[in-house]
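This one's a predicted model, so the numbers in the text were calculated from it and none came from an experiment. Here is the naming used below: chain letters follow the sequence lines, and residue numbers restart at 1 for every chain.
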Protein chains: 4
Amino acid sequence: MAEQEKNQESFARGRRRSSQSHQAILQAAREVLEQVGYQAMTIEAIAARAGVGKKTIYRWWPSKAAVALESLTSHTEVYVPFPDTGSLERDLTLYFELSFPGLQGKSGTVLSGLAAEAQLDPVFAHEFQRTFIVPRKQELVALLQRGLQRGELAPDTNLEVLADLIYGAKWYRFLLHPAPLDDVFAREIVKLILRLRSEASRT
Amino acid sequence: MAEQEKNQESFARGRRRSSQSHQAILQAAREVLEQVGYQAMTIEAIAARAGVGKKTIYRWWPSKAAVALESLTSHTEVYVPFPDTGSLERDLTLYFELSFPGLQGKSGTVLSGLAAEAQLDPVFAHEFQRTFIVPRKQELVALLQRGLQRGELAPDTNLEVLADLIYGAKWYRFLLHPAPLDDVFAREIVKLILRLRSEASRT
Amino acid sequence: MAEQEKNQESFARGRRRSSQSHQAILQAAREVLEQVGYQAMTIEAIAARAGVGKKTIYRWWPSKAAVALESLTSHTEVYVPFPDTGSLERDLTLYFELSFPGLQGKSGTVLSGLAAEAQLDPVFAHEFQRTFIVPRKQELVALLQRGLQRGELAPDTNLEVLADLIYGAKWYRFLLHPAPLDDVFAREIVKLILRLRSEASRT
Amino acid sequence: MAEQEKNQESFARGRRRSSQSHQAILQAAREVLEQVGYQAMTIEAIAARAGVGKKTIYRWWPSKAAVALESLTSHTEVYVPFPDTGSLERDLTLYFELSFPGLQGKSGTVLSGLAAEAQLDPVFAHEFQRTFIVPRKQELVALLQRGLQRGELAPDTNLEVLADLIYGAKWYRFLLHPAPLDDVFAREIVKLILRLRSEASRT
DNA sequence: AGTTAACCGAGACGGTACGTCTTGTCTTCAA
DNA sequence: TTGAAGACAAGACGTACCGTCTCGGTTAACT
């Protein structure tokens, strides 16, 4: 019914959210992140740079982490596309080589800052998982699935867990372990993964 | 004894308490962590509860993270011993099953809080790696080495990278991915690892 | 130009001021004043309680003080009529006894709040004087004038200054000095004023 | 008793109030008041100018009004001394002529701002009365008392109420009534007061 | 009857100051 | 002469209102 649609839509009273402010805030956040890094970024600095009241930020985002997350994900180039070359080995190697650079420098600081925030703020943790962690993992699983269908992995491979191993290794070195994220690391991981082609010989 | 009463009752300030301060601070940190969690813990709260000046804490530890780290590691039960049963499968399974429970509840919160702090504070990051991350990784590598020597892994396996995969998967689920750290997960990881027994068939 | 004339004359086009909103705002202001006092009253609270947009209030009043002033004066009982009994002593005593109760309790709070606002906001100060202070002073001067014409004051008495003394004493105790506004005070003032009957004996 | 002294004194532990900060805050308050007036003065501006944390101000004063009051009264020249020339007429005239200039300009703004604040903040009202209003009134009563003892006022004159009239007139013109505080006003008030020399002829 | 301008409720906006909080340093005094 | 108590400078926090603006919609006089 038209009535119902009208009712559902009708609670939009008063002035609407300004998309100009929205964009200005995300842009300002990007700039501040670039200049001072995640840790030193403050809501006040974003508001000042965006020419926006602090209230406007708090109205739409619950925390500085949420702003940083959206400013990161709205900046499409951060999202490395998952390759699909027809070869698992090449797909994985390529993915690693494409994604490692983004973990270096300032943008890496932002990502580790968000990971830190997710530990300290359960609300943000959920948002971070929902919009960042889970979708990327699903794409990795899909990449592996393609390899499995081509016979590059054993048919009974638990792809979820395999993806945990792969992403885990990457995040472990990124967040915790003082070891380089470089092509050597990428090659070594891929080498290990590819050995899983053989049929399971043990349960 | 009159002496003891005097010490307990009257102003137990000054040098006399010096030897007790260290323990009192760690104990207070443990209690505060238990009550409010890592995020809400403050140096001031620890000092107040320990009956100690803030300066005394800052004299010995550089940050609240350092206090929490020491209060965690001084609490020996957090350190799960690495098993050595003569079987890689059993060693790994056992290790996972022993270590997963410590990631649940409050002690898990503390650990993830420390991981967060390591992202935000480079000085602490170094300390955290030195006293926690690296030693445990070395023990895992040793565990894998024993398996390799028994022929349970291919001789050319890069154990460093394999350990990154294993620890990575665990930390990934612990810190980032909303998936359970349980026996099923343990078994599935071990299953995948054990397939690496076969000789490398690809570079 | 016809255009200009038209603009200057401002034909009453469009929707007229809603007297319903006008009344609702004054009523809401009275209720909010009653509940939280002048200091804690906000335009937003009045708007919310009146079911009115803030803009509608700002369209018709320049400040919350102006709303409070109108809500006070529209409430006629605050305006004590000036007596005219044929006796200066009785007129003054009666006036004090009638006006003191209105300075007690909530309505007193509002009046002192308006006096405060007049110190902080020059625009409102002018309005407050024009609509409240000056008319009442003129009535007091008229009351004194009647006494003077009856010979109850010396003919060369400066009534303006005498009125300043009388009103001043009342406002001084009301706003600044922690002393009661009661019948004793009224009587003592009147006693002093009545001594001015005698001819000036000093310049 | 030694015990009592000890108890009263003994709770002085930790770092003492910094009189350097105290003075810097009062000085900064004076400067800010001079520059922007009472209304526009903010705690943040005082803190910034004094090179002091806001907390330090809030630790020792409950409100900006309290800071302004102390900065005013610590600035001794604001306190007009009460004259004692041996003549009531000269004393009063002199007092008015000395005190009126201080009500002009910025320092007048401060005083009316404090009077306003006293209407809005009961805690400050009490402090304002205790440290400013009441002592000055007592000095005025003493001035009148000297005149009464010299026979310049009728012996049964209620000096408290007379002081209310005199101070009242001054404050009334200062805060509420748009009329000048000048020598003409001073003379006219004194003329009226001096008529009270005659014995009471009416009760 | 249609046009149009001013009004209306709602509420987002830029802005400002608030009073609180925590950090790491500093000062004082007691034992 | 150490160490508790706690004041200090710094500065971000998240909140509260301010007075303005933008919406979609409603009246009512003027075409």
Side-chain angles (χ1 to χ4, degrees), chain A residues 10-18 20-22 24 40-45 47-48 50-60 62-64, chain B residues 6-7 10-18 20-21 40-45 47-48 50-59 62-64, chain C residues 6 10-18 20-21 24 40-45 47-48 50-60 62-64, chain D residues 9-18 20-22 24 40-45 47-48 50-60 62-64:
Chain A
S10 72
F11 289 106
R13 299 249 260 148
R15 186 175 175 175
R16 299 308 151 75
R17 179 175 189 174
S18 157
Q20 191 178 319
S21 293
H22 189 158
M41 177 179 79
T42 65
I43 295 276
E44 297 204 330
V52 140
K54 286 201 288 176
K55 192 68 186 289
T56 302
I57 299 180
Y58 284 112
R59 211 183 330 261
W60 301 110
S63 62
K64 80 164 185 172
Chain B
K6 219 172 180 179
N7 284 342
S10 73
F11 303 77
R13 304 170 198 121
R15 287 154 33 172
R16 231 175 310 156
R17 234 168 133 175
S18 157
Q20 299 171 353
S21 290
M41 179 178 78
T42 64
I43 294 277
E44 296 209 327
V52 139
K54 285 198 292 177
K55 192 65 182 287
T56 305
I57 298 180
Y58 283 113
R59 211 180 331 261
S63 64
K64 79 164 185 172
Chain C
K6 223 174 179 178
S10 81
F11 286 78
R13 289 251 263 161
R15 188 172 174 176
R16 296 305 158 76
R17 178 175 190 176
S18 158
Q20 193 176 317
S21 291
M41 179 178 78
T42 64
I43 294 277
E44 296 205 329
V52 139
K54 286 200 290 177
K55 192 65 183 287
T56 303
I57 298 180
Y58 283 112
R59 205 175 344 250
W60 303 110
S63 64
K64 80 162 184 172
Chain D
E9 295 223 346
S10 69
F11 288 105
R13 299 248 262 144
R15 185 172 176 178
R16 296 309 150 76
R17 179 174 191 176
S18 158
Q20 193 176 317
S21 291
H22 188 158
M41 178 178 78
T42 66
I43 294 277
E44 297 203 329
V52 140
K54 286 200 289 177
K55 191 70 185 287
T56 301
I57 299 180
Y58 284 112
R59 201 174 348 250
W60 301 110
S63 62
K64 79 164 185 173

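Along DNA chain F, the nucleotide nearest A/Ser63 and the nucleotide nearest C/Ala40 are compared for position; the residue whose nucleotide lies closer to the 5' end is A/Ser63. Two residues, D/Met41 and B/Lys54, neighbour DNA chain E, and the one matched to the more 5' nucleotide by heavy-atom proximity is D/Met41. Residues A/Ala50 and B/Lys55 both approach DNA chain E. Their nearest nucleotides, taken by heavy-atom distance, put A/Ala50 toward the 5′ side.
Using a 4.0 Å cut-off, no side-chain N or O of D/Arg15 falls inside it from OP1 or OP2 of E/dC29. Note on A/Thr56: every side-chain N or O is 4.0 Å or more away from OP1 and OP2 of E/dA12. D/Thr42 has no side-chain polar atom (N or O) that falls below the 4.0 Å cut-off from OP1 or OP2 of E/dA17. Phosphate contact (OP1/OP2 of E/dC13, side-chain N/O of A/Arg59, threshold under 4.0 Å): present. Here A/Ser18 does not reach the OP1 or OP2 of E/dA12: none of its side-chain N or O atoms lies under 4.0 Å away. For F/dC8, the OP1/OP2 oxygens have a side-chain nitrogen or oxygen of D/Trp60 closer than 4.0 Å. Remark: A/Ser21 is in phosphate contact with E/dG14, judged by side-chain N or O atoms under 4.0 Å from OP1 or OP2.
Of all heavy-atom pairs spanning B/Val52 and B/Ser21, the tightest one is CG2-OG, 4.0 Å. For the residue pair D/Ser63 and D/Ile43, the shortest heavy atom distance occurs at C-CD1, 4.4 Å. Residues A/Ala47 and A/Gly53 approach most closely at CB-C, 4.3 Å, considering heavy atoms. Closest approach of D/Ala50 and D/Ala24 over heavy atoms only: CB-O, 3.6 Å.
As rounded to whole Å, 10 Å separates atom P of F/dA7 from atom CZ of D/Arg16. Atom CD1 in B/Ile43 sits roughly 13 Å away from atom C1' in E/dT25 (whole-Å rounding). Rounded to a whole Å, the NZ atom of A/Lys64 is 10 Å from the P atom of F/dG14. D/Gln20 places its CD atom 17 Å from the P atom of F/dA7, with the value rounded to the nearest Å. Counting to the nearest Å, the C1' atom of F/dC18 and the CD1 atom of C/Ile57 are 13 Å from each other.
Contact of the D/Trp60 side chain with the D/Arg17 side chain is registered, since non-hydrogen atoms from C-beta on lie closer than 4.5 Å.
Of the listed nucleotides (E/dC8, F/dA10, F/dC13), F/dC13 has the atom at the smallest distance from the side chain of A/Glu44. For A/Tyr58, the listed nucleotide lying nearest its side chain is F/dT15; candidates were F/dA4, F/dT15, E/dC7.
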